[in-house]
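Side-chain atoms are counted along with the backbone in the values below, which use heavy atoms only and exclude waters and symmetry mates.
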Amino acid sequence: MILTEQKKYDEVLRMLEGAKSVFIVGCGTCATTAATGGEDQVKEFAERLKKDGKEIVGTAIVESTCDSRLCKKDLSAHKDEVERADAFLVMACGAGAQTISGLVGKAVFPALNS
């Protein structure tokens, strides 16, 4: 298991400055276990970002964000939302953020430090 910690909210908000629509991805493995990027944390970030004017076009908890096969499978259920997103906020380790980046071809911002 990789240990992660959330970045400060203000830092995440600055990273997303130019993005209007955001899709948030959490990790069902390490980040869920560490309580830094599981379902509760994704919901919390989504609510905070909405209050700060971001359109949250979708959220997903990928079983394991560092496995591209699982990312493809889990994100395929959100095809329309993925296409609408300007940026992705990934609540996972660096490997998970890199995997998502390779799959979506859009701006990906990691919300956690690992």
Side-chain angles (χ1 to χ4, degrees):
M1 181 176 93
I2 295 176
L3 295 177
T4 56
E5 66 178 357
Q6 284 187 355
K7 291 183 178 181
K8 296 200 181 304
Y9 180 74
D10 290 341
E11 180 181 354
V12 172
L13 198 56
R14 278 192 306 275
M15 289 188 307
L16 293 171
E17 202 169 275
K20 294 178 182 167
S21 57
V22 180
F23 191 100
I24 304 174
V25 180
C27 179
T29 309
C30 299
T32 292
T33 301
T36 56
E39 190 172 337
D40 291 341
Q41 295 80 32
V42 167
K43 285 180 184 177
E44 178 185 330
F45 256 81
E47 290 304 315
R48 289 183 80 182
L49 289 169
K50 283 179 192 176
K51 288 179 184 176
D52 283 316
K54 298 296 180 190
E55 177 189 6
I56 305 304
V57 295
T59 64
I61 306 297
V62 172
E63 185 178 339
S64 183
T65 56
C66 57
D67 185 326
S68 63
R69 295 169 300 131
L70 295 174
C71 288
K72 284 180 189 178
K73 178 181 82 70
D74 291 352
L75 290 178
S76 68
H78 303 278
K79 184 180 178 191
D80 292 339
E81 295 96 334
V82 166
E83 289 177 8
R84 286 183 30 224
D86 291 333
F88 284 74
L89 181 64
V90 181
M91 301 182 76
C93 69
Q98 190 171 16
T99 301
I100 298 294
S101 178
L103 291 173
V104 299
K106 295 184 180 187
V108 172
F109 300 97
L112 305 181
N113 296 316
S114 52

Which side-chain N or O atoms in residues 99-113 pair as donor and acceptor under 3.5 Å with protein atoms at least two apart or in another chain?
from	atom 1	to	atom 2	distance (Å)
T99	OG1	T65	O	3.4
T99	OG1	A95	O	2.9
K106	NZ	V82	O	2.9
K106	NZ	E83	O	2.6
K106	NZ	A85	O	2.8

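Residues A46 and T59 come closest through the heavy atom pair CB-CG2, 4.4 Å. Scanning all heavy atoms of the two residues, the minimum distance from G96 to A92 falls at CA-CB, 4.3 Å. Across every non-hydrogen atom of K7 and F45, the tightest pair is O-CZ, 4.5 Å. In this structure, G37 and V42 approach most closely via the heavy-atom pair O-CG2, 4.0 Å. Across all their heavy atoms, L75 and A60 have their closest contact at CD2-CB, 4.2 Å.
Contact annotation: the side chain of L49 approaches that of L89 to within less than 4.5 Å [non-hydrogen atoms, C-beta and beyond]. Side chains of V57 and V22 form no contact here, defined as non-hydrogen atoms less than 4.5 Å apart.
Cluster membership for M91 and I61, using ILVMFWY side-chain heavy atoms within less than 4.5 angstrom, is shared. Transitive grouping of hydrophobic side chains (ILVMFWY, heavy atoms separated by less than 4.5 Å) keeps F88 and I24 in distinct clusters. There is no path of hydrophobic side-chain contacts, each under 4.5 Å, that joins I56 to V25.
At least one donor-acceptor pair closer than 3.5 Å links the side chain of Y9 to the backbone N or O of R48. Under the 3.5 Å distance criterion, the side-chain polar atoms of E47 are left unmatched by any main-chain donor or acceptor of E44. At distances below 3.5 Å, not a single donor-acceptor pair connects side-chain atoms of E63 with backbone N or O atoms of D74. For the pair K72 (side chain) and D67 (backbone), a donor-acceptor distance under 3.5 Å is absent.
The side-chain contact (heavy atoms from CB on, under 4.5 Å) check on K43 picks up E39, with sequence neighbours excluded. Residues that satisfy the side-chain contact (heavy atoms from CB on, under 4.5 Å) test with D86, not counting sequence neighbours, are A19, K20, S21.
Ring pair F23/H78 is perpendicular by interplanar angle, where above 60° counts as perpendicular and below 30° as parallel.
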- [ ] For salt bridge (charged side-chain N to carboxylate O under 4.0 Å, His left out), just list the numbers for R84 and E55, CA-CA rounded to whole Å, side-chain angles, deciding distance to a tenth of an Å, and then say yes or no.
- [x] CA-CA 10 Å; R84 286 183 30 224; E55 177 189 6; 3.0 Å; yes
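Within 6.0 Å of atom CD in Q98, 12 or fewer heavy atoms from other residues, nucleotides or ligands are found, so the atom counts as exposed in its surroundings.
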